[in-house]
**Q** 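Mind looking over this structure? Questions follow.
Since the model is a prediction, treat every value here as computed from it, not as a measurement. Residue numbers begin at 1 in each chain, while the letters A, B, ... track the order of the sequences.
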2 protein chains.
Amino acid sequence: MMEDIIKKLKDKGCKITPQRRAVIQSLAKLAKFPTALELCNDIRQANPEIGLDTVYRNLNLLADMGVVNQINLPGKDTKVFELALGKHHHHLVCLGCGKANCLDYCPVDEQELQKAAGSKFEIVGHSLELYGYCQKCRTAK
Amino acid sequence: MMEDIIKKLKDKGCKITPQRRAVIQSLAKLAKFPTALELCNDIRQANPEIGLDTVYRNLNLLADMGVVNQINLPGKDTKVFELALGKHHHHLVCLGCGKANCLDYCPVDEQELQKAAGSKFEIVGHSLELYGYCQKCRTAK
DNA sequence: TAGTAAAATTATAAATAATATTATTATTAA
DNA sequence: TTAATAATAATATTATTTATAATTTTACTA
């Protein structure tokens with residue numbers, strides 16, 4: 001998976017640097033939704049010399065290539081990121097602990113969407129986030 | 001409508017200042033999705049003395065009270081705002097011109113959502129945004 | 001209607017987030 | 001191995017949002 005992304009970057013003429021590898025690797029390891037700063041801190045455990053600006057540059061590059069998604073979580077002031085593993089998916093965000101998980105499948109009906117949007121609008125995509133409380137936070141209440 | 005919001009504010013012990021009125025009024029007039037700065041500039045046409053920080057403070061206050069929604073649009077780095085007119089709704093965002101409109105109704109099936117989220121997660125809400133191209137941008141292409 | 005307590009505004013400053021610039025270094029392909 | 005070029009680091013800057021303290025306004029009460 002890592003190597004697929006590397007290959008994609010090479011095909012586009014991007015160079016593969018240790019920092020760039022580290023960004024991808026850390027994103028894959030964390031699996032879910034770090035901010036640029038959190039990601040940077042994680043990378044620094046193994047690679048203390050990386051700069052936050054480098055992390056931003058790489059995240060933007062990866063986002064432009066469609067390898068990384070920027071997600072907006074409510075209540076968070078900063079962007080968070082995740083690896084885009086090719087397929088369209090949505091998130092389940094806990095309002096208690098702030099953790100997020102991916103849904104296994106997309107629960108919306110495309111035809112219903114098009115109906116609601118009207119015939120004049122060409123839909124090319126959608127985003128859906130579910131908010132609520134996870135089991136742990138429910139029992140804590 | 002304006003007066004409903006004013007009343008709600010009064011009930012909560014908030015005071016009604018001209019600046020606060022102006023924020024609500026301008027939000028209602030613009031109808032759709034200004035950033036804090038855009039809103040501030042609009043207000044300044046009638047009321048040049050208002051500070052951007054005052055706009056932020058009022059938007060946050062109104063958001064805390066549920067009178068205003070913060071929306072995250074893709075590609076925008078800043079938050080945008082709209083009056084929450086009580087009812088749950090979604091947006092249709094044009095990737096060409098950036099304009100957004102509200103959907104008339106919610107096209108998602110709550111039961112489907114709960115099924116996808118699993119029985120352990122308590123859903124309290126969701127957000128949905130549709131992306132695509134409006135008629136004008138489609139003909140321009 | 002004048003006085004007063006509480007809250008909002010202003011002005012100033014600062015925190016946070018993200019991007020730009022430029023010299024240097026490292027990667028890739030020949 | 002080396003030249004071309006892309007990426008990094010360091011520094012600075014811009015943009016967005018929030019905090020603090022002094023002053024002014026609002027809304028209530030006598």
**Q** Identify the heavy atoms of Gln70(B) and Phe81(B) that sit nearest to each other, and give their distance.
**A**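 Where Gln70(B) meets Phe81(B) most closely, the heavy atoms are CG-CE2, 3.4 Å.
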**Q** How many Å lie between CG on Leu52(B) and C1' on dA11(C), as a whole number?
**A**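 Atom CG in Leu52(B) sits about 13 Å away from atom C1' in dA11(C).
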**Q** Any idea which heavy atoms bring Ala116(B) and Pro107(A) closest together, and the distance?
**A**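 Shortest heavy-atom contact: CB-CB, 3.9 Å.
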**Q** Between Glu112(B) and Val108(B), is there a side-chain heavy-atom distance shorter than 4.5 Å?
**A**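 Counting from C-beta outward, Val108(B) and Glu112(B) never come under 4.5 Å.
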**Q** Tell me, please, the opening and closing nucleotides of DNA chain D, 5' to 3', among those with an atom under 4.0 angstrom from a non-hydrogen atom of chain B.
**A**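 On DNA chain D, the outermost contacted nucleotides are dT16(D) to dA27(D).
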**Q** Salt-bridged, Lys79(B) to Glu38(B), with N to O below 4.0 Å?
**A**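 A salt bridge is absent here (no side-chain N lies under 4.0 Å from a carboxylate O).
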**Q** Could you check which residues of residues 14-22 of chain A get a heavy atom under 4.0 Å from DNA chain D? Sort them by number, please.
**A**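 Going residue by residue through residues 14-22 of chain A, the ones with a heavy atom under 4.0 Å of DNA chain D turn out to be Cys14(A), Lys15(A), Thr17(A), Gln19(A), Arg20(A).
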**Q** Rounded to the nearest angstrom, tell me the gap between atom CG in Leu59(B) and atom P in dT9(C).
**A**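 So the CG-P distance, Leu59(B) to dT9(C), works out to 11 Å.
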**Q** In whole angstroms, how far is the C1' atom of dA26(C) from the CG atom of Asn47(A)?
**A**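 Interatomic distance, CG of Asn47(A) to C1' of dA26(C): 14 Å.
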**Q** Over all heavy atoms of both residues, which pair between Leu103(A) and His89(A) is shortest? Give the atoms and the distance, please.
**A**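 That closest heavy-atom pairing would be O-CB, 4.2 Å.
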**Q** For a 4.5 angstrom cut-off between non-hydrogen side-chain atoms, does Asp42(A) reach Pro34(A)?
**A**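 In short, these two side chains do not touch, never coming nearer than 4.5 Å.
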**Q** Ignoring hydrogens and geometry beyond distance, is the side chain of Asn58(B) in donor-acceptor contact with the base of dA8(C) at under 3.5 Å?
**A**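 It does not, because no donor-acceptor pair links the side chain of Asn58(B) to the base of dA8(C) below 3.5 Å.
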**Q** Restricting to non-hydrogen atoms, name the atom on Leu27(A) and the atom on Glu82(A) that form the minimum distance, rounded to 0.1 Å.
**A**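 Nearest pair, atom of Leu27(A) first, then Glu82(A): CD2-CA, 4.2 Å.
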**Q** What I want to find out is whether Asp53(A) reaches Arg57(A) closely enough, with some N-O distance under 4.0 Å, to be called a salt bridge.
**A**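 A salt bridge links Asp53(A) with Arg57(A).
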